[in-house]
Amino acid sequence: MSDSSEVPPHGEPLPDTHLENDETLHATTGNRKYWVVFVALCFLTLCSFLTYFQWWDTAIPPKVSMAFMMAVSCGKALLVMLFFMHLLWEANWKWVLTIPAAMMSIFLVCMLIPDIGLRTEKYSEERWYHAPVPHIESAETAAADATSATH
């Protein structure tokens with residue numbers, strides 16, 4: 001029954017070609033791809049670790065640093081989903097579920113932006129009275145707090 005076009009006699013189970021294909025794939029590639037992904041994840045973790053140093057803060061603008069960290073995080077999440085959650089080898093129907101859900105989540109987040117950004121436009125006088133006052137810290141106070149925290 002090596003030919004997949006043959007029909008098995010009545011009562012015999014159909015061969016599990018999916019399992020055979022997985023075993024063949026695993027036998028030909030081994031664990032090498034997982035080690036490559038592991039090294040890539042280590043490299044991306046090193047990239048995110050470098051953002052914690054003082055020289056990074058002085059050399060790179062904060063918005064670029066945030067975009068870099070989001071890109072590193074998305075790259076790590078993508079590698080984990082594709083290889084360790086085995087989405088790379090799933091059937092193409094997974095996109096029927098994933099793409100609409102992703103579009104809906106992006107839509108919902110974008111719909112909240114005006115509510116958050118413009119929430120103070122219609123505050124009543126009483127609401128402004130009970131709202132917390134923003135604390136703006138001067139550079140001297142921040143430097144004094146940083147030196148006292150290290151000692």
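Since we're looking at a predicted model, the values are computed, not measured. Positions are given from 1, in the same order as the sequence printed here.
- Note on Leu44: it clusters hydrophobically with Val80, by side-chain heavy-atom contacts below 4.5 Å among ILVMFWY residues.
- When all heavy atoms are compared, the tightest approach of Ala102 to Ser105 is O-OG, 2.8 Å.
- Cluster membership for Leu88 and Phe84, using ILVMFWY side-chain heavy atoms within less than 4.5 angstrom, is shared.
- A distance of 11.0 Å separates CG of Leu50 from OG of Ser65, quoted to the nearest 0.5 Å.
- Rounding to the nearest 0.5 angstrom, the gap separating the CG atom in Leu108 from the CE atom in Met103 is 12.0 Å.
- Under the 4.5 Å side-chain heavy-atom criterion for Ile, Leu, Val, Met, Phe, Trp and Tyr, Val72 and Phe49 are members of the same hydrophobic cluster.
- A centroid separation of less than 6.0 Å is found between the aromatic rings of Phe38 and Trp35.
- In this structure, Cys47 SG and Met69 CE are separated by 9.5 Å, a value rounded to the nearest 0.5 Å.
- Using a 30° and 60° split on the angle between ring planes, Tyr34 and Trp89 fall in the tilted class, from 30° to 60°.
- Atom NE2 in His130 sits 10.5 Å away from atom CD in Glu125 (nearest 0.5 Å).
- Residues Trp56 and Phe68 place their aromatic rings such that the two centres sit under 6.0 Å apart.
- Hydrophobic clustering places Ile60 together with Trp55 (ILVMFWY residues linked when any side-chain heavy atoms are closer than 4.5 Å, directly or through intermediates).
- Put simply, CE on Met111 and CE on Met104 are 10.0 Å apart, with the number rounded to the nearest 0.5 Å.
- The hydrophobic cluster containing Ile99 does not contain Ile106, counting ILVMFWY residues as joined when their side-chain heavy atoms lie under 4.5 angstrom apart, directly or transitively.
- Between Cys42 and Thr45, every side-chain heavy-atom pair lies at or beyond the 4.5 Å cut-off.
- Distance CE/Met70 to OG/Ser48: 13.0 Å, rounded to 0.5 Å.
- Crowding of Tyr123 atom OH: a count of heavy atoms from other residues, nucleotides or ligands under 6.0 Å exceeding 12.
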How far apart are the C-alpha atoms of Lys33 and Val37, what are their side-chain angles, what is the distance that settles it, and do they pass the side-chain contact (heavy atoms from CB on, under 4.5 Å) test?
CA-CA 6 Å; Lys33 65 180 167 287; Val37 171; 5.5 Å; no
